[in-house]
Amino acid sequence: MVDSTRTGNPDPNPRDTPGLEPGGGVAPGDTPPGASSTSEAGPRQAPSKGWAKGPLIAIITVTVMVAAFFLVYALFI
């Protein structure tokens with residue numbers, strides 16, 4: 001069963017938001033209400049800098065194998 005409170009419009013309801021004039025506008029000098037967010041707020045862990053060891057080893061391995069192939073090809077053919 002779907003929870004209707006989670007699938008509804010995430011924006012604030014103008015009838016329940018204080019400070020709105022009829023028609024949805026705000027009074028001059030007043031701050032409009034912020035829209036609600038569907039993303040999760042909170043602290044985020046910063047991504048690590050640099051290359052991960054696995055992809056770096058794979059790139060180096062492929063590069064060495066390609067270089068070795070061309071070296072063997074040049075020497076024996």
Side-chain angles (χ1 to χ4, degrees):
M1 179 172 233
V2 177
D3 185 10
S4 63
T5 59
R6 293 184 148 210
T7 60
N9 187 354
D11 291 331
N13 187 349
R15 289 178 278 154
D16 299 336
T17 306
L20 288 180
E21 295 180 338
V26 294
D30 197 5
T31 304
S36 66
S37 175
T38 57
S39 64
E40 187 175 311
R44 296 179 62 185
Q45 185 177 16
S48 62
K49 295 181 180 180
W51 286 80
K53 290 181 183 178
L56 191 58
I57 290 171
I59 291 170
I60 291 171
T61 303
V62 169
T63 304
V64 168
M65 290 175 64
V66 169
F69 170 78
F70 284 114
L71 180 64
V72 170
Y73 184 78
L75 291 177
F76 292 109
I77 294 185

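Heads up: numbering here begins at 1 and tracks the sequence.
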Subject >> Partner residues of Val66 under the side-chain contact (heavy atoms from CB on, under 4.5 Å) criterion, sequence neighbours left out >> reply: Val62, Phe70
What side-chain donor-acceptor pairs closer than 3.5 Å can you find for residues 53-60, not counting sequence neighbours?
none

Original post:
What residues join Tyr73 in its hydrophobic cluster, counting side-chain heavy atom gaps under 4.5 Å, either direct or through other members?
Top reply: Ile77
